[in-house]
Amino acid sequence: MRWSQAFIPTLREDPAEAEVPSHRLLLRAGYIRQVAAGVYAHLFLAQRSLLKIMGIIRQEMDAIGAQEFYLPALNPAELWKESGRYTAYGPAIFKFKDRNDHEMVLGVTHEEEMTNIARGELRSYKQLPQMWYQIQEKFRDEPRPKSGLLRLRQFWMKDSYSFDIDDAGLDASYHKHYDAYRRIFDRCGIKYVIVEAYSGTMGGTHSHEFTAPTDAGEDLIAICDCGYAANLEKAEGNAPPVEDIAGDAAPEPFATPGQKTIDDLVKFTGENGNRMIKTLVYVVDAQAILILLRGDHTLSETKLASTLGTDAFRPSTPEEALALLGAHLGSLGPVGLKGVRILADKALEGRRNMITGANQDGTHLRNVTPGRDFTPEYFDLRVVSAGDHCKKCGKPLRVSVSVELGHIFKLGRRYSQAMHASVLDENGREVPLVMGSYGIGVERILSAAVEQNHDRDGMFLPAAIAPFDVILTAANMDDARLREAAEKLYEEMRAKSLDVLFDDRAERPGVKFKDADLIGVPYRVTIGKRKFEQGLAEIFRRSTKQIQDVKLESVVSSLLEMQGR
RNA sequence: CGGGGCGUGGCGCAGCCUGGUAGCGCGCUUGCCUUGGGCGCAAGAGGUCCGCGGUUCGAAUCCGCGCGCCCCGACCA
């Protein structure tokens, strides 16, 4: 490709609307342009890079025996009502009516459609296992699209679905995907961490996320040196022990006028937050319950949901809490309550002489001991924090921000039962299909690669996913000898199937170098006057900015060698 | 959905408070010049000032109602 003919609209200045590096650089480098919030046009460079990413995904999916499909995004709403996700996924689904007043949706993923095909066609265990995948557009009406290609409303996903006769079969399909995903992200040159994750509205029992640590991410993950890693929603850890005050004194009220939050109380009493009990009131099925946490801990609603076995709960209103406990938020506590279910985080088990609200405005209690002064049920309910001890090895956990690139789920029988997708087993009994589903966000791979590989001058994408292998730059196109040498090299590179972008523009060298640095191509070969006269060209490696002088006739072989070809 | 910010040639911004000529830098076009890190000189083109309504002799500017975009939070495989 000749740059003079290419549409690569680079920008000299940072676009005002872009904050995270990948968004800023993809705009500046002319990869993308915005159409609406969370909706982007892929221009020439983005499309080339994304096609390379999809090529890698396709190869690895094919390699585990998955079969490529292509399903429509446009779906009848009936399918989604049948699975229950029409309401469960709620406002994130784009919904509308066609001209005949038929309710339609745009797919957020394709469990329904795939299951629908499976139930119509799969009849016997002899046809199993099956693995079906596609690379296709997903539509989600996200509450807050953001950060360029990191959180989109329309995006490409590789989604695959496995159908097995039993749990052992699902395990095998799951592991095939697990391994394929590792190869995909390895080949894409992404630094990633595999974490245990929560399945959320997908349903199912078991899942792993493939996440790329970068500051622009939105997922928090807990990581330990021993290899344990989990999404913070799901991560478990042991809080370092806290020294309590000795003694068996009875609870004793003390005045705390105007002290509403734990922070207030910490300042007011001079005590550490870890010696306090935080009291939350939640409403589950119209029933109020108390949730107790250590003062410096945070409730994980994810863990609460799995503890309660439902996500149909909400924090109480201040009025409800007042009616239940007789005090306003800020002075609530568990002591002396009757007939209210009390859930406490495990970090409170065995503690003594703590501080909590007295259920009287402006008053707290000291010397409160769980188990003696109230009787809770203990569960793991809190979000782990950095410094908590790893459940597996006891070392301190680190917390890191990352981008979710892929997620694999053991769905089990959730969809097959809801949608009556079953086959006959070897005993002639009808059994529901055991399913898995597996997703990769294609644009997120590109974004994460930029987040992980950029500097002040631009990006440097991993070779496997860069839009070109090499940029060939003639320092001065008006110099006939340089131009001819560059043209000759261009032909030579193309003959060897190098993806080359020939910068044949009539620009000054500075402009060409700046643009080349920006757009993320791993190598630049420059033909400049001084070295040309010595029979040399230079190969510039973008990631390290190292320059290597090479004889003109061995430029191509050097590049092929660097590529490992 | 709550909080904050922004909306003015393609891009980045000033002007708005205190109403009256729409301006700067970059980019773009043409010519000359220059050619290893976003050259220089000269001449040009390009704007419903987000929309609608109101106030006013007169609105980019003041008022009202919308819309859009970004950020934080809520939310979210």
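Reminder, nothing fancy here: chain letters follow the sequence lines and each chain counts from 1.
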Determine the interatomic distance between C1' on C32(B) and the same-named atom on G36(B); round to the nearest Å. 23 Å

For E137(A), which residues count as a side chain to side chain contact (heavy atoms under 4.5 Å, CB included) partner, sequence neighbours excluded? F139(A), Q154(A), W156(A)

All side chain to side chain contact (heavy atoms under 4.5 Å, CB included) counterparts of E553(A), not counting sequence neighbours: K551(A)

Assign R28(A) to base, sugar-phosphate, or nothing according to its heavy-atom contacts below 4.0 angstrom with the strands shown. base

Would you kindly give the CG-to-C1' distance between N476(A) and G36(B), to the nearest whole Å? 10 Å

Map D219(A) and F540(A) onto RNA chain B by nearest heavy atom, then report which one ends up closer to the 5' terminus. F540(A)

Mark yes when over 12 heavy atoms from residues, nucleotides or ligands other than R413(A) sit less than 6.0 Å from its CZ; otherwise mark no. yes

Without decimals, in angstroms, what is the distance between R508(A) CZ and U34(B) P? 11 Å

Under a 4.0 Å N-O cut-off, is there an ion pair linking R314(A) with E320(A)? yes

Show every donor-acceptor pair shorter than 3.5 Å between a side-chain atom in residues 467-483 of chain A and any protein atom, with sequence neighbours excluded, or say none if there are none.
unit_1, atom_1, unit_2, atom_2, d
D469(A), OD1, Q563(A), NE2, 3.3
D469(A), OD2, D499(A), N, 2.8
D469(A), OD2, Q563(A), NE2, 3.2
N476(A), OD1, D478(A), N, 2.8
D479(A), OD1, R481(A), N, 3.1
D479(A), OD1, L482(A), N, 3.4
R481(A), NH2, E533(A), OE2, 3.2
R483(A), NH1, M477(A), O, 3.1

Taking CG from L43(A) and P from G10(B), how many angstroms apart are they, rounded to a whole number? 17 Å

Looking only at atom P, what distance separates G64(B) and U48(B), rounded to whole Å? 27 Å

If I take atom CD in residue E301(A) and atom C1' in nucleotide C76(B), what distance separates them, rounded to the nearest angstrom? 13 Å

Taking any strand in view, what nucleotide pairs with C67(B) in a Watson-Crick or G-U wobble way, both distances under 3.5 Å? G7(B)

When you compare C62(B) with C49(B), how far apart are their P atoms, in angstrom units rounded to a whole number? 15 Å

With sequence neighbours excluded, residues passing salt bridge (Lys or Arg N to Asp or Glu O under 4.0 Å) with D263(A): none

Ionic contact status for R119(A) with E82(A), cut-off 4.0 Å: yes

List the residues meeting side chain to side chain donor-acceptor pair (under 3.5 Å) with R542(A), not counting sequence neighbours, and say none if there are none. D455(A)

If pairing means Watson-Crick or G-U wobble with both distances under 3.5 Å, then the partner of G2(B) is C72(B)

Could you walk me through whether H110(A) and K138(A) pass side-chain hydrogen bond (donor to acceptor under 3.5 Å, both in side chains), step by step? CA-CA 9 Å; H110(A) 281 73; K138(A) 301 292 180 259; 3.1 Å; yes

In whole Å, what is the span from the CG atom of L220(A) to the P atom of C76(B)? 15 Å

If you measure from the P atom in G5(B) to the same atom in C63(B), how many Å do you get, rounded? 15 Å

Rounding to an integer number of angstrom, what distance separates G20(B) and A59(B) when you compare their C1' atoms? 10 Å

If the C1' atom of G9(B) is compared with that of C24(B), how far apart are they to the nearest Å? 12 Å

What interatomic distance, in whole Å, is found between P of A22(B) and the corresponding atom of C50(B)? 16 Å

Ranking R530(A) and E209(A) by the position along RNA chain B of their nearest nucleotide, the one closer to 5' is R530(A)

Please give the distance between the P atoms of C16(B) and C76(B) as a whole number of Å. 45 Å

Ordered by number, residues from residues 513-526 of chain A within less than 4.0 Å of RNA chain B (heavy atoms) are F513(A), K514(A), D515(A), D517(A), R524(A), T526(A)

Report the distance from atom CG of L482(A) to atom P of G36(B), rounded to the nearest whole Å. 10 Å

Protein proximity profile, nucleotides 25-33 of chain B - base contact B, sugar-phosphate-only contact S, no contact -, cut-off 4.0 Å on heavy atoms: BSS------

Here the distance between atom P of G12(B) and atom CZ of R24(A), to the nearest Å, is 14 Å

Sorted by chain and number, sequence neighbours left out, side chain to side chain contact (heavy atoms under 4.5 Å, CB included) with V383(A) holds for L232(A), T298(A), S300(A)

Distances under 3.5 Å between nitrogen or oxygen atoms of protein and nucleotides 67-73 of chain B:
unit_1, atom_1, unit_2, atom_2, d
C69(B), OP1, A37(A), N, 2.8
C69(B), O3', Q34(A), NE2, 3.3
C70(B), OP1, Q34(A), NE2, 3.0
C71(B), OP1, S147(A), N, 3.3
C72(B), OP2, R144(A), NH1, 3.2
C72(B), OP2, R144(A), NH2, 2.7

Contacts of R505(A) that satisfy salt bridge (Lys or Arg N to Asp or Glu O under 4.0 Å) - sequence neighbours left out: D503(A), D515(A)

Suppose we screen for salt bridge (Lys or Arg N to Asp or Glu O under 4.0 Å). Which residues come up paired with E538(A), at least two apart in sequence or across chains? K531(A)

When we call it a touch if two heavy atoms are under 4.0 Å apart, what does E233(A) touch: a base, just sugar-phosphate, or nothing? nothing

Could you work out, with side chain to side chain contact (heavy atoms under 4.5 Å, CB included) as the rule, every residue matching R33(A), not counting sequence neighbours? P9(A), L11(A), L27(A), L43(A)

Counterpart base for G23(B), defined by Watson-Crick or G-U wobble contacts under 3.5 Å: C13(B)

How long is the line joining CG of D503(A) and P of G37(B), in whole Å? 15 Å

